[in-house]
Amino acid sequence: MKLIDALRIANQPRGDAKPMAFAMACGFTPLHLKTFLHAELQQLLPHRSVQISTGLYGDIPGTLASLDIDGEHSGAVVIIEWPDIDPRLGTRQLGGWGPGALPGLAERAAEWLALAASSIKRVSQFMPVAVCTPTLPLPPLFFTPGWQTGRYESALRELLARFSSDLTDLPRLRLISQQRLDLASPGGARMSIKSDWTSGFPYENAHASALANLLAKLLVDAAPKKGLITDLDDTLWQGIVGDAGVEAICWDLDNHAQAHGFYQQFLRTLADEGTLIGVASKNDPAIVEKAFERTDLLLPRDRIFPFEVSWGAKSAAVGRILSKWNIAADSVVFLDDNEIELAEVAEAHPGIECILFPSDAAKVYELCQDLRDKFGRQSVSEEDALRMQSLRTASSLQEEASGDGFSESLLEGARAELTLKFHNDPGDSRSFELVNKTNQFNLNGRRYTEAEWTRMLAGEERFALTVGYTDRFGALGKISVLAGRVLDHQVEIDTWVLSCRAFARRIEYQCLRTLFRFFDMDTVVLHYAQTQRNGPTGSFLTSLLDAAPAPDGSIRISRSDFESKCPNLFHKVNVQDEARKSPAAAGAHGSHE
Amino acid sequence: MNENRERLMRCFQAVFPNLSEEEISHASPASIAEWDSVATVTLVGVIEEEFGNSVDLEEIENFVSFDLILDYLANSGKSVS
């Protein structure tokens, strides 16, 4: 991005857009980096009015210490350069170098890094913090020639590596990838000594722009894609299995087909991280079945669900996969080596991202880098590991189910167990993820930043309720989150999501029953709003109200009305009260059938 | 020359989005509250990008009006002839 473009974006009036504030802590004059960061964040948050506050010159820990953590900041960026760690490691202060000064550098650096780590940890308890460690070269203060790393420089870099490693353990801390920054901004073209000496801003504009781009991405998480659908012939493997035969397809160095093996390994990694992997292939199902009997496949069949192998249109196969996954097309990437197939799928499924599998092996490496960005996530949870198995189970159950859902006898015999936990823990990343990615059973579609979620749960009367589910077919993990507050005579719910993998098990009814019983209240108020995708929520509310709910507004449900309309519930229920909200017995654990 | 004027005007408009072309033509740090040292440095950054060359350090203190900057660009050979 050019500075003039960044200024235009940053200065563009935003009308009534809701403000979203970020804090920026750096030791130098923020100047163009602030402008670039503003513009990058604004582009990622087009419906908000981004505001950036900066702090004290030369004092990152002081800036972080004075940050109003109870205020409206949605995140903070911390950009550390060598002079922050020790002014002697910069060029604006002339305190003297020389061999005698070198032994003390590490000691001073250790002190400063400890102070900075402490300040960063404090802020990261309340909001996401993006941290960048030094990006500029050290000045020529060491006695070794510039192409040699001596003991004093090594000591500094070791301290910095330890500092970075410690920070990555913090849940809301995102450390910039120096490797990605190296690709975006070559090391030799980053520093502007003229700008540093005239204005205290040490970066060339191109470097500031690249840095801001990465920092903004760290602060504003793009929702990762959920599923990848791949072709087989000349994609997952080299060769046409129907023509060449099962033994002739290959994916290894010996057959000059390493790119396909690399791709397989990458898809297996994605699958193990919880990404859904499906196959859409125009082939003979029996031959594909035989191909997946090969034990040297790096992506074995148990990491794939479903297989859609037929001679029918790819768009129809993709449609069936989306239906089995029960996710929207815009959460999915489709890969094929045939451009016509890609075009046909793109036309039939608007929003799906169609990518041509490259014929150039070197491009496959770049493809996997790009896929890593699209499917990258902050952590891998227990639920991620369960996702594919639970979808397989759901698919089998659907085949047993009647047209209206699971039969009474199936539900009764499922041996379903629900664990409902009341808590106030904003660090529960699975809850936060569910709230921000669930569309279909979503009370009102409201999304939260991490800072908003943390502040919301901090209220005295506030609670979150997370729901875990298991039955004789397997565990689904944590599949529902409610958040609300307890008032004198009623419970108000302003956030409620339920994973689509858990539909038709009457879990939503059990959630409401638990609220009535746990809080011993006669009224639950649901702050409902119709969205483009939350039809299942509207259907559930319709079943309780005997009429469709108003598109936007609060819905009051009395305990007696609810019980009169609630179907039979067969779950074994375990209630845990970590938030100590129970009026009857704070801290008590209870259960009901 | 007119092309230089237009390009420089775009630079000024990016840095001072609330000023009209007329106001920019007569602007100076003394007459425009938002023209502070930060604005000067930002203006230099935008001009360097737009005209593809580095502004001499000693010239920056003379960047106190639209016309003076336009003259500098013409005389330094960094403008479009």
Side-chain angles (χ1 to χ4, degrees), chain A residues 1-15 24 26 28-40 42-43 49-57 91-92 185 188-213, chain B residues 2-25 27 29 32-64 66 68-70 72-73 76-80:
Chain A
M1 186 183 290
K2 290 178 72 174
L3 182 58
I4 194 167
D5 298 322
L7 282 164
R8 283 195 189 114
I9 294 166
N11 290 332
Q12 194 177 340
R14 297 281 153 194
M24 178 178 170
C26 62
F28 50 84
T29 309
L31 266 178
H32 310 327
L33 182 61
K34 182 184 176 188
T35 306
F36 282 119
L37 183 64
H38 190 157
E40 293 284 355
Q42 191 64 72
Q43 287 194 317
S49 174
V50 170
Q51 298 170 353
I52 295 182
S53 61
T54 52
L56 307 166
Y57 180 86
T91 60
R92 284 180 60 86
S185 175
R190 294 177 177 180
M191 184 165 68
S192 171
I193 203 74
K194 185 190 87 172
S195 173
D196 195 12
W197 287 347
T198 52
S199 62
F201 179 67
Y203 297 153
E204 290 289 352
N205 284 357
H207 179 54
S209 172
L211 188 54
N213 175 268
Chain B
N2 278 343
E3 188 182 336
N4 278 348
R5 190 177 180 81
E6 282 173 21
R7 290 167 70 190
L8 184 61
M9 184 59 74
R10 282 201 295 274
C11 296
F12 267 80
Q13 285 170 331
V15 180
F16 304 110
N18 298 322
L19 297 187
S20 65
E21 285 194 21
E22 177 66 18
E23 288 169 321
I24 286 171
S25 300
I32 304 296
E34 53 263 53
W35 193 337
D36 56 12
S37 58
V38 173
T40 299
V41 175
T42 306
L43 192 55
V44 169
V46 175
I47 289 169
E48 285 182 334
E49 266 187 1
E50 176 64 25
F51 291 88
N53 258 317
S54 177
V55 173
D56 300 332
L57 283 177
E58 59 273 22
E59 289 295 337
I60 293 177
E61 63 189 44
N62 299 323
F63 276 29
V64 292
F66 182 90
L68 282 173
I69 297 173
L70 194 61
Y72 165 79
L73 291 169
S76 64
K78 288 164 184 167
S79 56
V80 174

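Below, chain A is the first sequence line, B the second, and so on; all start at residue 1.
Rounding to the nearest 0.5 Å places CZ of B:R10 at 7.0 Å from CZ of A:R8. A:S195 contributes atom OG, which lies 8.5 Å from atom CD of B:E48 (distance to the nearest 0.5 angstrom).
Between B:V15 and the choices A:L7, A:I4, A:T35, the side chain to side chain contact (heavy atoms under 4.5 Å, CB included) rule is met once, by A:L7.
Shortest non-hydrogen contact noted between A:H32 and B:G45 is NE2-CA, 4.2 Å. The nearest pair of heavy atoms linking B:T42 to A:L3 is O-CD2, 3.9 Å.
No other option in A:D5, A:T29, A:N205 has as many heavy-atom pairs under 4.5 Å with chain B as A:N205.
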